[in-house]
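Order of the sequence lines fixes the chain letters, A, B, ..., with proteins taken first and strands second; residue numbering starts at 1 for each chain.
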2 protein chains.
Amino acid sequence: MKKLEAIKQKLTAAGLKATHQRMVIMEAIADMKNHPTAEHLFKVVRKSNPSLSLGTVYKTLETFVSNRLIAKVATRDGYMRYDPRTDHHGHIYCTNTKDLVDYYDEDLDNLLTEFFKKKKVNNLRIKNISIRINGEKVDPVKEVTIK
Amino acid sequence: MKKLEAIKQKLTAAGLKATHQRMVIMEAIADMKNHPTAEHLFKVVRKSNPSLSLGTVYKTLETFVSNRLIAKVATRDGYMRYDPRTDHHGHIYCTNTKDLVDYYDEDLDNLLTEFFKKKKVNNLRIKNISIRINGEKVDPVKEVTIK
DNA sequence: GTAACTGCAAATCGTTTGCAATCGG
DNA sequence: CCGATTGCAAACGATTTGCAGTTAC
(Lines give C-alpha, C1' and ligand atoms only; values in the text may rest on other atoms or scores of the structure.)
Protein backbone atom coordinates (compact mmCIF):
# COMPACT_ATOMS: atom_id res chain seq x y z
CA MET A 1 0.00 0.00 0.00
CA LYS A 2 1.30 3.34 -1.13
CA LYS A 3 0.03 5.35 1.82
CA LEU A 4 1.78 3.25 4.44
CA GLU A 5 4.99 3.50 2.47
CA ALA A 6 4.84 7.28 2.61
CA ILE A 7 4.20 7.16 6.32
CA LYS A 8 7.13 4.84 6.79
CA GLN A 9 9.39 7.34 5.10
CA LYS A 10 8.05 10.16 7.21
CA LEU A 11 8.82 8.23 10.38
CA THR A 12 12.25 7.19 9.25
CA ALA A 13 13.04 10.74 8.21
CA ALA A 14 12.21 11.83 11.74
CA GLY A 15 14.58 9.23 13.10
CA LEU A 16 11.83 6.99 14.44
CA LYS A 17 11.46 3.28 14.05
CA ALA A 18 8.67 2.52 11.64
CA THR A 19 6.72 0.10 13.76
CA HIS A 20 3.39 -1.27 12.71
CA GLN A 21 1.64 0.51 15.57
CA ARG A 22 3.07 3.87 14.65
CA MET A 23 2.13 3.48 11.05
CA VAL A 24 -1.49 2.61 11.66
CA ILE A 25 -1.82 5.37 14.24
CA MET A 26 -0.35 7.89 11.86
CA GLU A 27 -2.59 6.69 9.08
CA ALA A 28 -5.67 6.92 11.25
CA ILE A 29 -5.00 10.39 12.56
CA ALA A 30 -4.40 11.69 9.06
CA ASP A 31 -7.67 10.21 7.86
CA MET A 32 -9.79 11.37 10.77
CA LYS A 33 -10.76 14.94 10.25
CA ASN A 34 -11.98 15.26 13.83
CA HIS A 35 -8.83 16.00 15.77
CA PRO A 36 -9.39 12.88 17.84
CA THR A 37 -8.58 12.31 21.47
CA ALA A 38 -6.16 9.50 22.29
CA GLU A 39 -9.08 7.38 23.45
CA HIS A 40 -11.06 8.01 20.28
CA LEU A 41 -8.09 7.14 18.12
CA PHE A 42 -7.53 4.03 20.20
CA LYS A 43 -11.05 2.79 19.61
CA VAL A 44 -10.74 3.28 15.88
CA VAL A 45 -7.30 1.76 15.43
CA ARG A 46 -8.01 -1.12 17.77
CA LYS A 47 -10.64 -2.52 15.40
CA SER A 48 -7.98 -3.54 12.92
CA ASN A 49 -5.28 -4.01 15.56
CA PRO A 50 -6.79 -5.66 18.61
CA SER A 51 -3.48 -6.10 20.39
CA LEU A 52 -2.76 -2.39 20.42
CA SER A 53 -2.85 -0.86 23.87
CA LEU A 54 -4.06 2.54 24.97
CA GLY A 55 -0.73 3.28 26.63
CA THR A 56 1.01 2.80 23.33
CA VAL A 57 -1.38 5.22 21.68
CA TYR A 58 -0.51 7.85 24.25
CA LYS A 59 3.21 7.23 23.97
CA THR A 60 3.10 7.20 20.20
CA LEU A 61 1.14 10.43 19.99
CA GLU A 62 3.53 12.08 22.42
CA THR A 63 6.45 10.93 20.29
CA PHE A 64 4.81 12.32 17.18
CA VAL A 65 4.17 15.63 18.90
CA SER A 66 7.73 16.05 20.06
CA ASN A 67 8.94 15.24 16.58
CA ARG A 68 6.57 17.79 15.08
CA LEU A 69 4.73 15.20 13.03
CA ILE A 70 1.43 16.17 14.58
CA ALA A 71 0.22 18.81 17.03
CA LYS A 72 -1.58 18.70 20.33
CA VAL A 73 -4.43 21.03 21.10
CA ALA A 74 -6.26 21.62 24.38
CA THR A 75 -9.94 22.32 23.92
CA ARG A 76 -11.89 24.88 25.88
CA ASP A 77 -12.83 22.20 28.39
CA GLY A 78 -9.34 20.88 28.91
CA TYR A 79 -9.24 17.75 26.83
CA MET A 80 -6.30 17.01 24.59
CA ARG A 81 -6.92 16.50 20.92
CA TYR A 82 -4.42 15.62 18.23
CA ASP A 83 -4.06 17.49 15.00
CA PRO A 84 -2.38 16.09 11.87
CA ARG A 85 -1.69 19.62 10.68
CA THR A 86 1.43 21.17 12.10
CA ASP A 87 1.43 24.35 10.07
CA HIS A 88 0.25 27.57 11.65
CA HIS A 89 -3.52 27.70 11.87
CA GLY A 90 -6.37 28.38 14.24
CA HIS A 91 -9.37 26.41 15.35
CA ILE A 92 -13.09 26.59 15.54
CA TYR A 93 -14.54 24.82 18.53
CA CYS A 94 -18.18 23.83 18.54
CA THR A 95 -19.27 23.83 22.15
CA ASN A 96 -22.31 21.68 21.54
CA THR A 97 -20.86 18.96 19.32
CA LYS A 98 -17.26 19.16 20.54
CA ASP A 99 -16.16 19.42 16.94
CA LEU A 100 -12.76 20.97 16.45
CA VAL A 101 -12.31 22.40 12.98
CA ASP A 102 -9.20 23.88 11.41
CA TYR A 103 -9.33 27.54 10.59
CA TYR A 104 -6.95 29.40 8.40
CA ASP A 105 -7.38 32.55 6.41
CA GLU A 106 -4.46 34.23 4.74
CA ASP A 107 -6.00 37.68 4.92
CA LEU A 108 -6.55 37.35 8.63
CA ASP A 109 -3.03 36.14 9.09
CA ASN A 110 -1.62 39.13 7.27
CA LEU A 111 -3.84 41.39 9.29
CA LEU A 112 -2.55 39.95 12.53
CA THR A 113 1.05 40.04 11.41
CA GLU A 114 0.70 43.71 10.51
CA PHE A 115 -1.04 44.44 13.75
CA PHE A 116 1.62 42.89 15.93
CA LYS A 117 4.35 44.72 14.08
CA LYS A 118 2.90 47.88 15.54
CA LYS A 119 1.66 46.71 18.91
CA LYS A 120 4.41 45.02 20.76
CA VAL A 121 4.29 42.71 23.71
CA ASN A 122 7.26 43.42 25.94
CA ASN A 123 9.36 40.75 27.56
CA LEU A 124 7.81 38.05 25.41
CA ARG A 125 9.30 36.06 22.58
CA ILE A 126 6.09 35.33 20.66
CA LYS A 127 5.94 31.80 19.31
CA ASN A 128 2.55 31.98 17.76
CA ILE A 129 -0.65 33.92 17.78
CA SER A 130 -3.64 31.77 17.29
CA ILE A 131 -7.21 32.56 16.74
CA ARG A 132 -9.87 30.53 18.40
CA ILE A 133 -13.47 30.75 17.40
CA ASN A 134 -15.96 29.30 19.82
CA GLY A 135 -19.53 28.79 18.86
CA GLU A 136 -22.49 26.55 18.62
CA LYS A 137 -23.07 24.42 15.58
CA VAL A 138 -26.47 25.35 14.22
CA ASP A 139 -27.19 22.07 12.46
CA PRO A 140 -25.18 19.46 14.35
CA VAL A 141 -25.35 17.05 11.44
CA LYS A 142 -23.86 19.36 8.86
CA GLU A 143 -20.31 20.58 8.71
CA VAL A 144 -19.03 23.97 9.70
CA THR A 145 -17.57 25.63 6.63
CA ILE A 146 -15.67 28.81 5.96
CA LYS A 147 -17.12 31.20 3.46
CA MET B 1 -13.79 45.87 55.71
CA LYS B 2 -15.16 47.57 52.65
CA LYS B 3 -13.93 45.06 50.12
CA LEU B 4 -15.70 42.11 51.68
CA GLU B 5 -18.87 44.12 51.85
CA ALA B 6 -18.75 44.72 48.11
CA ILE B 7 -18.17 41.04 47.50
CA LYS B 8 -21.08 40.16 49.71
CA GLN B 9 -23.34 42.33 47.61
CA LYS B 10 -22.05 40.80 44.43
CA LEU B 11 -22.83 37.32 45.71
CA THR B 12 -26.25 38.27 46.98
CA ALA B 13 -27.04 39.99 43.70
CA ALA B 14 -26.26 36.72 41.95
CA GLY B 15 -28.65 34.91 44.26
CA LEU B 16 -25.91 33.12 46.17
CA LYS B 17 -25.49 32.81 49.90
CA ALA B 18 -22.64 34.97 51.08
CA THR B 19 -20.72 32.38 53.01
CA HIS B 20 -17.37 33.11 54.53
CA GLN B 21 -15.67 30.61 52.21
CA ARG B 22 -17.14 32.21 49.12
CA MET B 23 -16.12 35.65 50.18
CA VAL B 24 -12.51 34.83 50.87
CA ILE B 25 -12.23 32.84 47.67
CA MET B 26 -13.70 35.69 45.67
CA GLU B 27 -11.42 38.15 47.37
CA ALA B 28 -8.36 36.03 46.69
CA ILE B 29 -9.06 35.43 43.04
CA ALA B 30 -9.62 39.14 42.47
CA ASP B 31 -6.33 39.98 44.13
CA MET B 32 -4.25 37.32 42.42
CA LYS B 33 -3.29 38.52 39.02
CA ASN B 34 -2.11 35.07 38.00
CA HIS B 35 -5.29 33.36 36.91
CA PRO B 36 -4.74 30.71 39.55
CA THR B 37 -5.60 27.05 39.40
CA ALA B 38 -8.00 25.71 42.04
CA GLU B 39 -5.09 24.14 43.86
CA HIS B 40 -3.09 27.34 43.87
CA LEU B 41 -6.02 29.32 45.15
CA PHE B 42 -6.58 26.68 47.79
CA LYS B 43 -3.05 26.97 49.10
CA VAL B 44 -3.32 30.72 49.35
CA VAL B 45 -6.74 30.92 50.96
CA ARG B 46 -6.04 28.06 53.32
CA LYS B 47 -3.37 30.07 55.12
CA SER B 48 -5.99 32.32 56.62
CA ASN B 49 -8.72 29.69 56.60
CA PRO B 50 -7.23 26.35 57.60
CA SER B 51 -10.57 24.55 57.73
CA LEU B 52 -11.32 25.26 54.09
CA SER B 53 -11.30 22.18 51.92
CA LEU B 54 -10.12 21.74 48.36
CA GLY B 55 -13.45 20.29 47.33
CA THR B 56 -15.17 23.46 48.45
CA VAL B 57 -12.78 25.52 46.39
CA TYR B 58 -13.69 23.51 43.30
CA LYS B 59 -17.40 23.72 44.02
CA THR B 60 -17.24 27.40 44.76
CA LEU B 61 -15.29 28.20 41.62
CA GLU B 62 -17.72 26.17 39.56
CA THR B 63 -20.60 28.08 41.13
CA PHE B 64 -18.93 31.38 40.32
CA VAL B 65 -18.33 30.34 36.75
CA SER B 66 -21.92 29.30 36.15
CA ASN B 67 -23.06 32.58 37.62
CA ARG B 68 -20.70 34.51 35.38
CA LEU B 69 -18.82 36.00 38.31
CA ILE B 70 -15.54 34.63 37.04
CA ALA B 71 -14.37 32.72 33.95
CA LYS B 72 -12.59 29.45 33.40
CA VAL B 73 -9.75 29.13 30.95
CA ALA B 74 -7.95 26.03 29.73
CA THR B 75 -4.26 26.59 29.13
CA ARG B 76 -2.31 25.15 26.24
CA ASP B 77 -1.41 22.16 28.37
CA GLY B 78 -4.89 21.41 29.54
CA TYR B 79 -5.00 22.84 33.04
CA MET B 80 -7.89 24.90 34.20
CA ARG B 81 -7.27 28.39 35.43
CA TYR B 82 -9.74 30.89 36.83
CA ASP B 83 -10.07 34.43 35.63
CA PRO B 84 -11.72 37.24 37.62
CA ARG B 85 -12.41 39.10 34.38
CA THR B 86 -15.54 38.04 32.60
CA ASP B 87 -15.53 40.64 29.87
CA HIS B 88 -14.37 39.72 26.40
CA HIS B 89 -10.59 39.49 26.21
CA GLY B 90 -7.76 37.29 25.09
CA HIS B 91 -4.76 35.78 26.81
CA ILE B 92 -1.04 35.62 26.60
CA TYR B 93 0.40 32.34 27.76
CA CYS B 94 4.04 32.10 28.71
CA THR B 95 5.11 28.57 28.01
CA ASN B 96 8.16 28.73 30.23
CA THR B 97 6.71 30.37 33.32
CA LYS B 98 3.08 29.23 32.87
CA ASP B 99 2.02 32.81 33.35
CA LEU B 100 -1.37 33.63 31.93
CA VAL B 101 -1.80 37.32 31.20
CA ASP B 102 -4.91 39.16 30.06
CA TYR B 103 -4.76 40.69 26.65
CA TYR B 104 -7.14 43.21 25.24
CA ASP B 105 -6.71 45.77 22.54
CA GLU B 106 -9.61 47.72 21.21
CA ASP B 107 -8.07 48.23 17.79
CA LEU B 108 -7.54 44.54 17.39
CA ASP B 109 -11.05 43.85 18.48
CA ASN B 110 -12.46 46.24 15.90
CA LEU B 111 -10.22 44.70 13.28
CA LEU B 112 -11.53 41.24 14.05
CA THR B 113 -15.14 42.36 14.19
CA GLU B 114 -14.76 43.97 10.77
CA PHE B 115 -13.03 40.92 9.42
CA PHE B 116 -15.71 38.48 10.50
CA LYS B 117 -18.43 40.68 9.07
CA LYS B 118 -16.97 39.87 5.68
CA LYS B 119 -15.74 36.33 6.17
CA LYS B 120 -18.49 34.17 7.47
CA VAL B 121 -18.37 30.82 9.14
CA ASN B 122 -21.34 28.78 8.00
CA ASN B 123 -23.46 26.67 10.30
CA LEU B 124 -21.93 28.24 13.37
CA ARG B 125 -23.42 30.65 15.88
CA ILE B 126 -20.22 32.36 16.98
CA LYS B 127 -20.09 32.98 20.72
CA ASN B 128 -16.69 34.54 20.85
CA ILE B 129 -13.47 34.90 18.96
CA SER B 130 -10.49 34.95 21.17
CA ILE B 131 -6.91 35.63 20.51
CA ARG B 132 -4.27 33.61 22.18
CA ILE B 133 -0.67 34.63 22.16
CA ASN B 134 1.83 31.96 23.10
CA GLY B 135 5.40 32.78 23.79
CA GLU B 136 8.37 32.56 26.05
CA LYS B 137 8.95 35.11 28.74
CA VAL B 138 12.35 36.60 28.08
CA ASP B 139 13.08 37.69 31.63
CA PRO B 140 11.06 35.33 33.82
CA VAL B 141 11.26 37.70 36.77
CA LYS B 142 9.77 40.70 35.00
CA GLU B 143 6.22 41.10 33.83
CA VAL B 144 4.92 40.81 30.31
CA THR B 145 3.47 44.15 29.31
CA ILE B 146 1.61 45.45 26.32
CA LYS B 147 3.12 48.35 24.48
C1' DG C 1 22.74 -7.77 19.03
C1' DT C 2 20.94 -3.92 21.10
C1' DA C 3 18.57 0.11 21.78
C1' DA C 4 14.04 1.42 20.88
C1' DC C 5 9.47 0.23 21.34
C1' DT C 6 5.20 -2.21 23.07
C1' DG C 7 1.79 -4.09 26.35
C1' DC C 8 0.11 -4.38 30.69
C1' DA C 9 -1.08 -2.91 35.10
C1' DA C 10 -0.35 0.10 38.64
C1' DA C 11 0.27 4.86 39.87
C1' DT C 12 -0.66 9.73 39.43
C1' DC C 13 -3.10 13.87 39.52
C1' DG C 14 -6.69 17.15 38.71
C1' DT C 15 -11.35 17.14 39.40
C1' DT C 16 -16.06 15.38 40.81
C1' DT C 17 -19.27 13.20 43.77
C1' DG C 18 -22.05 11.40 47.79
C1' DC C 19 -23.39 12.26 52.07
C1' DA C 20 -23.73 13.65 56.89
C1' DA C 21 -22.96 17.75 59.51
C1' DT C 22 -23.41 22.78 59.53
C1' DC C 23 -24.65 27.36 58.37
C1' DG C 24 -27.04 31.55 56.41
C1' DG C 25 -31.20 33.97 55.51
C1' DC D 1 -36.17 26.28 60.64
C1' DC D 2 -34.94 24.57 56.09
C1' DG D 3 -32.67 24.40 52.05
C1' DA D 4 -28.10 25.62 50.59
C1' DT D 5 -23.42 24.92 51.49
C1' DT D 6 -19.37 22.71 53.54
C1' DG D 7 -15.88 19.12 54.67
C1' DC D 8 -14.33 14.86 54.14
C1' DA D 9 -13.17 10.83 51.84
C1' DA D 10 -13.96 7.98 48.26
C1' DA D 11 -14.53 7.72 43.23
C1' DC D 12 -13.37 9.08 38.68
C1' DG D 13 -11.18 9.66 34.24
C1' DA D 14 -7.53 11.16 31.49
C1' DT D 15 -2.81 10.55 31.24
C1' DT D 16 1.83 8.68 32.87
C1' DT D 17 4.98 5.49 34.41
C1' DG D 18 7.76 1.21 35.37
C1' DC D 19 9.17 -2.72 33.71
C1' DA D 20 9.65 -7.20 31.44
C1' DG D 21 9.24 -8.93 26.98
C1' DT D 22 9.52 -7.99 21.98
C1' DT D 23 10.73 -5.90 17.75
C1' DA D 24 13.16 -3.00 14.03
C1' DC D 25 17.22 -2.00 12.14
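Side-chain atoms of B/D105 come within 3.5 Å of backbone atoms of B/D107 as a donor-acceptor pair (strictly under, hydrogens ignored). For the pair A/D83 (side chain) and A/R85 (backbone), a donor-acceptor distance under 3.5 Å is present.
Between the side chain of B/K8 and the base of C/dG24, no donor-acceptor pair under 3.5 Å is found.
Atom CG in A/L54 sits roughly 14 Å away from atom P in D/dG13 (whole-Å rounding). Distance A/L61 CG to D/dA14 P: 15 Å, rounded to the nearest Å. Distance B/K43 NZ to C/dC13 C1': 12 Å, rounded to the nearest Å. The distance from atom OH of B/Y79 to atom C1' of C/dT12 is 10 Å, rounded to the nearest whole Å. Taking atom CE on A/M26 and atom P on C/dC5, their separation rounds to 13 Å, with Å as the unit. The interatomic distance linking B/R22 (CZ) with C/dG25 (P) rounds to 10 Å, in whole Å. Between A/K59 atom NZ and D/dA14 atom C1' there is a gap of 15 Å when expressed in whole angstrom units. Rounded to whole Å, atom P of C/dG14 lies 13 Å from atom CZ of B/F42.
Ring geometry for B/H91 against B/H35 counts as perpendicular: the plane angle is over 60°, on a 0 to 90° scale with 30° as the lower cut. Using a 30° and 60° split on the angle between ring planes, A/Y104 and A/H88 fall in the perpendicular class, above 60°.
Of the listed nucleotides (C/dG24, C/dT16, C/dC5), C/dG24 has the atom at the smallest distance from the side chain of B/K17. Among C/dT15, D/dT16, C/dG25, the nucleotide with an atom closest to any side-chain atom of B/M80 is C/dT15. Each of C/dG25, D/dT6, D/dT15 was ranked by its minimum atom distance to the side chain of B/Q21; first place goes to D/dT6.
Within 4.0 Å (heavy atoms only), B/S51 reaches sugar-phosphate atoms of the nucleic acid but no base atom. Using a 4.0 Å heavy-atom distance criterion, A/T19 is classed as a sugar-phosphate-only contact.
OP1 and OP2 of D/dT6 both lie 4.0 Å or more from every side-chain N or O belonging to B/S53.
Two different hydrophobic clusters hold A/I133 and A/Y93 under the rule that ILVMFWY side chains link at heavy-atom gaps under 4.5 Å.
In summary, A/K33 and A/D102 do not engage in a salt bridge, as defined by a charged side-chain N under 4.0 Å from a carboxylate O.
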Report task. With side chain to side chain donor-acceptor pair (under 3.5 Å) as the test, would you mind laying out the steps for A/T63 and A/T60 before giving the verdict? Result -> CA-CA 5 Å; A/T63 305; A/T60 302; 5.8 Å; no
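Overall, the helix from C/dG1-D/dC25 to C/dG25-D/dC1 carries an axis bend of 40° between its ends, with five pairs at each end and the value rounded to 10°.
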